[in-house]
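Contents: one structure, followed by commentary.
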Amino acid sequence: MQLIDHKEEFRKALIEWYLREKRDLPWRRTSNPYHIWVSEVMLQQTRVDTVIPYYERFISKFPTLTDLAQAKEEDVLKMWEGLGYYSRGRNLQAGVREVVEMYGSEIPDTRQEISKLKGVGPYTAGAVLSIAFGVPEHAVDGNVMRVISRLLLIEEDIAIPKTKKIFETVIMDLIDEDDPSSFNQGLMELGATICTPNPKCLLCPVRDFCEAFHEGRQRELPLKSKKMKMKTIPMQVCVIRNLQGEWLMKQRPATGLLANMWEFLMIEDVRNDIEVLMKDNYGMTVERVRHLLDFKHIFSHLTWTITSHVAVTDERAPEGFEFFSSEQVERLPKAVPMMKIWNEAQNKMQ
DNA sequence: GAACCGTGGAA
DNA sequence: TTTCCAAGGTT
C-alpha cells in the first residue's frame, strides 16, 4: 500500500495506535504550554527515563513561567545538575524571560515568533506548537527521521543538516490537521518503541505502509555517515583546602564546555607533580598532597582522563578562585566529574 | 556547514 | 570494551 496514496488511512492507523498504546509520561498529563516547553528542552538528546525525575523536580521548583523568569540562574543550573548540555537550562530561562518581557507572559503560537526565543530551534518550535497549541507544524527529531526514512525508503544521509528539510516537507504533507499533537507524538512514540534502530516490525501499526519493510531493508535505514574519533585530554585535578577546612573552587567560563559550572582546580598536564605545577602556574605552595581518584570521563566529543589529589595550603585563593565551606560547595552546580571528586574527597576527609 | 555541547544506557 | 546513541540548538 503506497503511503502517498493513502495518507488518511495512515494518519488514522498511527493516531489510533498512539492513543491506545502511548506511555503515561508526566508531560502528557498536562496542557500547560510552559510545562510542555520545559519537557521538550529536557528531552533534547536525552532519554525519557533520565528526564522524568528532572522534569518533576524542575516543575515543582519553578511551577510557572513567571517563577522561572524570576529565579536566580545558579538555582536553575542546580536543578539541571547532572542532566548535561547545561546551556539548555540557561537558554530556557532566557527564552522564558523573553516571553515575559515581549509577549506579556503568553508563549507565542506561531513558528515565526516562537523560533526567535532562545534555545527554541526547528524541532522544539514544532513540538510546542503542535502539542501545546494544536498547530499543524512539523517536529522532526531523530525518531521521525528514522521512521519516515523507512516508510518512504529515503536514502539521504541524515548526518547532513540539509537532509532534515526533506523530512520537514514530508511531514507538512502528511500531518493530520485535526490532531497534529497525536500525529507528531505518534511518530516519535513509534520511533522510540517500535521503529527503533533494531525495529520490531511485527508489532508495527503502519507496516503495511512501509516501503523499507516491503523491501526487507528496514535495518539499512536511516543512512548515517560515520563521525570521526574523539580526542583524549589528560587532566589533573587538585582539591585544595585551607586551614579553616574550606574548599578552593572556580566557576567555568560562561561559554563552552560545562559553561558556568563550578570545579576544583584543574591542570591540563600529567607529566609534572602537583606541587611543581601549582608553584609554576599559580605561585602557590601546597602541602600534604595525597592521591585521591583516577577515572575517565567521556563527553560527546572528547574524553578527560582524570587523576585527582587533595592538598592543603595556608595561602590566599589565586585570581579567579574562592574558598567555600562544605555547605556552600554542596549548593554550587557541579558537573558529573566534579561531583565524583567531591563525593570521594568528602569520604576520605572523615 | 562543520564543530561544539553531557550523560548514562544498551547492544 | 567499544560503539552508538536519545523528543537538538548554537556558533
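Keep in mind that what you see is a predicted model, and the values were worked out from it rather than measured. Only this structure's heavy atoms are used, side chains among them; waters, hydrogens and symmetry mates stay out. Numbered from 1 within each chain, the chains take letters A, B, ... in sequence-line order.
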Would you call A:E56 and A:K61 a salt bridge, taking side-chain N to carboxylate O under 4.0 Å as the test?
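A:K61 and A:E56: not salt-bridged.
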Any ion pair linking A:E189 and A:R23 (charged N to carboxylate O, less than 4.0 Å)?
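Yes, this pair counts.
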Using the C1' atom as the point on both nucleotides, what is the distance between B:dG6 and C:dC5, in whole Å?
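Those two atoms are separated by 13 Å.
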What interatomic distance, in whole Å, is found between P of B:dC5 and the corresponding atom of C:dA6?
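Comparing P positions in C:dA6 and B:dC5 gives a spacing of 22 Å.
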5'-most contact on DNA chain C: A:E40 or A:I298, nearest heavy atom basis?
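First, find each residue's nearest nucleotide; the 5'-ward one identifies A:I298.
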Between A:N91 and A:D141, who's closer to the 5' end of DNA chain C by nearest nucleotide?
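Going by which nucleotide is closer to the 5' end, it is A:D141.
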With a 3.5 Å cut-off and just heavy-atom distances, do the side chain of A:Y85 and the base of B:dG6 make a donor-acceptor pair?
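Side chain to base: pair present.
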Would you call the rings of A:W304 and A:H297 parallel, tilted or perpendicular, taking 30° and 60° as the class edges?
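A:W304 and A:H297: tilted rings.
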Test the A:R207-A:F209 pair against the cation-pi criterion, namely NZ or CZ under 6.0 angstrom from the six-membered ring centroid and within 45° of the ring axis.
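Relative to the ring axis of A:F209, which defines the angle, A:R207 lies outside at least one limit.
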Check the phosphate of B:dC5 against A:H301, side-chain N and O only, distance under 4.0 Å to OP1 or OP2. Yes or no?
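Yes, such a contact exists.
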Check whether any side-chain nitrogen or oxygen of A:H297 sits under 4.0 Å from OP1 or OP2 of B:dG6, and answer yes or no.
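For B:dG6, neither OP1 nor OP2 has a side-chain N or O of A:H297 closer than 4.0 Å.
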Nearest to the side chain of A:K224, which nucleotide is it out of B:dG6, C:dG8, C:dC5?
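Minimum distance to the A:K224 side chain belongs to C:dC5.
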Using heavy atoms and a sub-4.0 Å distance, could you list which residues of residues 19-39 of chain A are near DNA chain C? By number, please.
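Within residues 19-39 of chain A, the residues near DNA chain C are A:R23, A:L25, A:W27, A:R28.
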Donor-acceptor contact below 3.5 Å, side chain A:R150 vs main chain A:C195
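Here the side-chain-to-backbone pair exists.
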